[in-house]
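Given the structure is predicted, the values throughout are model-derived calculations rather than measurements.
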Amino acid sequence: MALLSHTSTSSAVPARVLMGAGLALLPWLGYLAGTLPPAEAAAWVTLDALEAAALLTAGGRLLRHDPRHRAPAAAAAVLLLGDACVDVATSLPGPEPALAVAMAVIAELPLAALCTALATSPIRRSYRRAVRVRRPSGRCAGTFPR
């Protein structure tokens with residue numbers, strides 16, 4: 001997959017997609033909170049806020065080439081998949097099922113697939129060196145004094 005190549009320019013593309021999707025969810029949260037009944041709004045706003053947080057965290061970490069982007073990417077994939085399923089299952093008769101399926105096919109499922117691919121991509125050697133932890137004594141974590 002060319003999008004998941006680990007050069008600095010190609011890793012920026014999926015990172016920006018994740019960041020853009022996370023930022024796009026923020027106004028959506030306000031719309032949901034203002035238009036849905038309070039009980040429904042609480043559930044949907046919470047789900048979408050968790051999605052936004054996971055997408056923004058994964059995207060931000062991926063932009064910095066931080067290998068810890070995998071956990072939030074995996075969380076985002078699960079949340080997006082669940083969101084798509086619940087959207088389709090709870091849509092009322094009429095135009096809602098078509099809109100729910102369209103949102104799932106156009107946005108949620110492709111984004112979940114990207115997050116899954118990012119979460120399961122192998123750790124590069126340069127990532128391991130980039131996150132080496134230094135202790136105040138100057139020794140690396142896990143080393144013993146001589």
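Residue His69 comes nearest to Arg61 through the heavy atom pair CB-CB, 3.8 Å, listed as atom of the first residue, atom of the second, then distance. Between Leu26 and Ala52, the shortest heavy-atom contact is CD2-CB, 4.3 Å. Minimum heavy-atom separation, Ala33 to Val45: N-CG2, 3.9 Å. Residues Ala73 and Cys115 approach most closely at O-CB, 3.2 Å, considering heavy atoms. In plain terms, the two heavy atoms of Leu62 and Ala15 that are nearest each other are CD2-N, 3.6 Å. For Pro110 against Ala104, the heavy-atom pair with the smallest separation is CD-O, 3.6 Å.
Separating the CG atom in Leu114 from the CG atom in Leu109 is a distance of 12.5 Å, to the nearest 0.5 Å. Here Met19 contributes atom CE and Leu56 contributes atom CG; the two are 5.5 Å apart, rounded to the nearest 0.5 Å. Interatomic distance, Leu99 CG to Ile106 CD1, rounded to the nearest 0.5 Å: 9.0 Å. Atom CG of residue Leu25 and atom CG of residue Leu32 lie 9.0 Å apart, to the nearest 0.5 angstrom. Taken from CG in Leu80 to CG in Leu111, the straight-line distance is 5.0 Å, to the nearest 0.5 Å.
Val86 places none of its side-chain heavy atoms less than 4.5 Å from the side chain of Leu47.
By the rule that hydrophobic residues join a cluster once side-chain heavy atoms approach within less than 4.5 Å of another member, Leu50 and Tyr31 end up as members of one cluster. Transitive grouping of hydrophobic side chains (ILVMFWY, heavy atoms separated by less than 4.5 Å) keeps Val101 and Met103 in distinct clusters.
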Next on the checklist: Could you go through Leu81 and Thr116, starting from their C-alpha distance and side-chain angles, then the distance that decides it, and tell me whether this counts as side chain to side chain contact (heavy atoms under 4.5 Å, CB included)?
Outcome noted: CA-CA 10 Å; Leu81 183 60; Thr116 300; over 6 Å; no
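Without hydrogens or angle criteria, Arg70 side chain to Ser121 main chain gives a donor-acceptor distance under 3.5 Å. Between the side chain of Thr57 and the backbone N or O of Ala54, no donor-acceptor pair lies under 3.5 Å.
Applying the side chain to side chain donor-acceptor pair (under 3.5 Å) definition to pairs two or more places apart or across chains, none involves residues 72-100.
Under the rule for a side-chain hydrogen bond (donor to acceptor under 3.5 Å, both in side chains), the partners of Asp48 that lie at least two apart in sequence or sit in another chain are Trp28.
Side-chain contacts under 4.5 Å among hydrophobic residues (ILVMFWY), followed directly or transitively, place Leu92 with no other residue at all.
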